[in-house]
Every structure is written in structure tokens, then in C-alpha cells.
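Structure, as C-alpha cells:
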Amino acid sequence: MLFSAEEFVKLKELLILYQCALKNISTRIDILLEDFSHFQASNPIEHIKHRVKSPESIAEKLHRQKLPITADSVTNYLTDIAGLRCICSYAKDITYIAAVIKRQPDISVRSEKDYVTYPKPSGYRSYHLIVDVPVYLTDKTIMLPVEIQIRTQAMDFWASLEHKVRYKYKDKMPEHLSQELIDCANKISELDKRMYLIQDIVDMAYLHHDAPGH
């Protein structure tokens, strides 16, 4: 299913606005990166990724949800047109980064889901925020949603693999593969904790070594 010619024109104009909203939040994250790098003790953010959904992907999602394939449906029902993924060093950094983002005075949190503390049954772990971001135009200001996902490198690798497997089997994944992915997700979570513990031990040893008298 695709957008009609008339609706496609409306969609293209709408996607420009979503691109502006994404630039807005991306710039904020870039500034946080500068702050972490130059003024804080450490930088918990490894890198960020961002994207605006393609018209084809949007039409497919609307069709899947049995919604009219129109620009109005995008505005009224979808909140993940613009998306940003923040990859951090350790799982313990995730809620801290989320809190820093939520403190921004001119954005508002529409929804929040902690799949790190409470993983999905599939094993999926990530922290999701939907935030309304201002887009300042010449004659008005509009608020548009941007989906922010915060996760570790290991969680991101697992999510990418799980998506590929699920797509290949068209959401009819064999039980043994599904269980294998759940087991891997649990091991990855444990690995994230152990790697942070190692980093914590190294930091403490470094501070002890640099203390006066050593």
C-alpha cells in the first residue's frame, strides 16, 4: 500500500517538519556530548544514530494498523516517525541520560517505557522516551514527537540481530531460536553488569594510586 499522490505531497511537507524536530533534539544531544567530554568526569554516551521513517515504511505501518494511509493519520496516530538512538557505555548510564534529556525545559515527555528494568518477553532491553519537541517556524511553534531509545552497545547488537531474525521468519520465529535469543539477552545483561564492575574497580584503583602519599 502507498500514499495517494495528493497525500504524498502532504506527507513530504510533514516529513520536513519531523526532520526539523529531529535536528532540534540531535543538536541538544550534541551539546550534551560536548558537556560530558569537556566539563564532566566522564562521557557516558558512545554515539548516536537518528532517522526519519521513509514514506514506504510509514505506509506499511499504517496499513498494518488498519489506519487510513493519509498525512493526518501520521499526525494523529504515529509517534515514531522521527527517531534517535543513544548508545551508552554501561547499563547504569541509561537512566541518568534519560533524566538529563527530560530536564530540558521546553520539551515534554509524552510516554516513557523502561525495558531495561522490565525487559520484554522476547528479551528486548532498551529505554524508550517519546518527547514532544518544539519546531520554531516563522509564524508559529509546533510540537512534534520524537522517539528516543537509550541502550548499551550490547543491547543494540542484540536488538539488531533479533530484528533480522524476526524479519526473516516473518514474525513466525521457531521456538528454539526464540529461546536462544532470550538466553543471549540474559547473558548480555549479565555481561553489561560485569563490564561496569571492571570499570568501577579500575577507576577506584586509579583514584587510590593518584591519592596523596602514593
So does [Y] get a backbone contact from the side chain of [X], meaning a donor-acceptor N/O pair under 3.5 Å?
| X | Y | answer |
| --- | --- | --- |
| S26 | L22 | yes |
| R125 | K120 | no |
| T27 | K23 | yes |
| D132 | R110 | no |

- Task: Output the rest of the hydrophobic cluster of I87: all Ile, Leu, Val, Met, Phe, Trp and Tyr residues reachable through side-chain heavy-atom contacts under 4.5 Å, sorted by chain and number.
- Result: none

- Given a cutoff of under 4.5 Å between side-chain heavy atoms of I, L, V, M, F, W and Y, with clusters grown through shared members, what are the other residues clustered with L161? Y115, Y124, W158, V165, Y169, M173, L177, L181, I188

Check: [Y] and [X] side chains under 4.5 Å, non-hydrogen atoms:
| X | Y | result |
| --- | --- | --- |
| I130 | K113 | no |
| I97 | C86 | yes |
| L129 | K102 | yes |
| M155 | I94 | yes |
| I148 | H128 | no |

[atom1]/[X] to [atom2]/[Y] distance, rounded to the nearest 0.5 angstrom?
| X | Y | atom1 | atom2 | value |
| --- | --- | --- | --- | --- |
| R64 | S57 | CZ | OG | 7.5 Å |
| I69 | F8 | CD1 | CZ | 13.0 Å |
| I58 | H63 | CD1 | NE2 | 15.5 Å |
| I150 | I45 | CD1 | CD1 | 8.0 Å |
| Y77 | D72 | OH | CG | 9.5 Å |
| R51 | Q19 | CZ | CD | 11.0 Å |

Is it the case that one hydrophobic cluster holds both [X] and [Y], taking links as side-chain heavy atoms less than 4.5 Å apart, direct or via other members?
| X | Y | result |
| --- | --- | --- |
| V116 | Y196 | no |
| I25 | V109 | yes |
| L14 | M143 | no |

Is it the case that the side chains of [Y] and [X] hold a donor-acceptor pair, with the cut-off being a distance below 3.5 Å and no angle test?
| X | Y | value |
| --- | --- | --- |
| T70 | S73 | yes |
| T117 | D114 | yes |
| N186 | E190 | no |

- Note on the structure: side chain to side chain donor-acceptor pair (under 3.5 Å) pairs touching residues 90-100, sequence neighbours excluded, are Y90-Q199

- Query: Are the charged groups of K187 and D192 less than 4.0 angstrom apart, N to O?
  - Reply: no

- Message: Pair E13, K10 - check salt bridge (charged side-chain N to carboxylate O under 4.0 Å, His left out), show working.
- Response: CA-CA 5 Å; E13 293 175 351; K10 295 179 184 176; over 6 Å; no

- Task: Step through the shown structure and confirm whether more than 12 heavy atoms of other residues, nucleotides or ligands are within 6.0 Å of NE2 on H47.
- Result: yes

